[in-house]
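Everything on this sheet refers to the single structure shown next.
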Amino acid sequence: KEQGKTLSQADRRLIQGRADDLARAMVHTVQMRRGAPFWDYMPIPNKFNNRQTPNDLVHQVYIIWGAEVYRDCGGSVRLPWTRAQALESLDRYWRDGLIYSFPQDVTYTEKKDLYGGQQSILWGAGAMLAFYARYGSEAQAAHALDSLVQAYGPMPRARLYPQADPKNDKFFPRQAAHALWGWSCYCFTSRN
């Protein structure tokens, strides 16, 4: 949509068709849980024949971000969830004021320590902040920003995990880039 004038009509139709196919796949694989959309990390069956595993926070944001951009660009496939429901899905990654790697509205029987007990890695918190800043309310974005700063420390040397030793100065560019994405959206997105 942004580059419509630079594409030939044939290229535009090809890209639009692929975007529509992806939207149909998202609609086909969505799991609406108490009004909020979720997806497994890999739909079953897959070439690895893995059991169902939940999506972590950063991948949830990637999916709903792409869906909202598709919606904003006037995609032809009707998405069966609203933007408010997409935001609600992110709210499920919070528990007791902390951001977790996996949704906290379900009880996990396998890998309970990982799925139910691990706070989010930095990129998940940064992606959440970006989505709240772009599509959510000022209060949601401010809460995510406060949590990111409190739990992960100040930029540019934010920690990988909230529990990490603050004296460890190891830098993770990909992780920090997601936090910067979130901060940038917070600072430069006008919210209604």
* Structure fact -> The remaining residues in the hydrophobic cluster of L7, counting side-chain heavy-atom contacts under 4.5 Å among Ile, Leu, Val, Met, Phe, Trp and Tyr, are I15
* Asked: Given R95 and Y100, is the side-chain hydrogen bond (donor to acceptor under 3.5 Å, both in side chains) satisfied, shown in steps?
  -> CA-CA 7 Å; R95 188 178 79 217; Y100 280 79; 3.0 Å; yes
* Considering only NZ, NE, NH1 and NH2 on the basic side and carboxylate oxygens on the acidic side, decide whether D21 and R18 come within less than 4.0 Å. => no
* Would you check if the side chain of S147 reaches a backbone N or O of H143 as a donor-acceptor pair within less than 3.5 Å? => no
* Asked: Does Q175 use its side chain to pair, donor to acceptor, with the backbone of W123 at less than 3.5 Å?
  -> yes
* Asked: Of the non-hydrogen atoms in P37 and V30, which two are nearest, and what is the gap between them?
  -> CB-CG2, 3.6 Å
* Asked: At what distance, to the nearest 0.5 angstrom, does CZ of R92 lie from CD of Q60?
  -> 10.0 Å
* To do: Write down the atom of W39, the atom of M26, and the distance for their closest heavy-atom approach.
  => NE1-O, 3.0 Å
* Can you find a heavy atom in the side chain of D40 that is under 4.5 Å from one in the side chain of N55? -> no
* Is Q119 reaching over with its side chain to a backbone N or O of G117, donor-acceptor style, under 3.5 angstrom? -> no
* For R13 and D20, run salt bridge (Lys or Arg N to Asp or Glu O under 4.0 Å): C-alpha distance rounded to whole Å, both residues' side-chain angles, the deciding distance at 0.1 Å, then the answer. => CA-CA 10 Å; R13 279 191 302 275; D20 291 341; over 6 Å; no
* May I ask you to check if R159 and Y152 form a cation-pi contact, with NZ or CZ under 6.0 angstrom from the six-membered ring centre and within 45° of the axis? => no
* To do: Specify the closest pair of heavy atoms between V149 and W183, including all atoms of both residues, with the distance to one decimal.
  => CG2-CZ2, 3.7 Å
* Just by modelled atom types, is the Y186 backbone N or O under 3.5 Å from a matching donor or acceptor in the T189 side chain? -> no
* Structure fact -> When rounded to the nearest 0.5 Å, the distance separating CG of L148 from CD1 of I99 is 6.5 Å
* Flag, side chain of Y62 to backbone of A127, donor-acceptor distance under 3.5 Å -> no
* Counting only heavy atoms not in Q150, do more than 12 fall under 6.0 Å of its CD? -> no
* Asked: Near R174 CZ, under 6.0 Å, is it more than 12 heavy atoms from other residues, nucleotides or ligands?
  -> no
* **Side-chain donor or acceptor of Q140 paired with backbone N/O of S137 under 3.5 Å** => yes
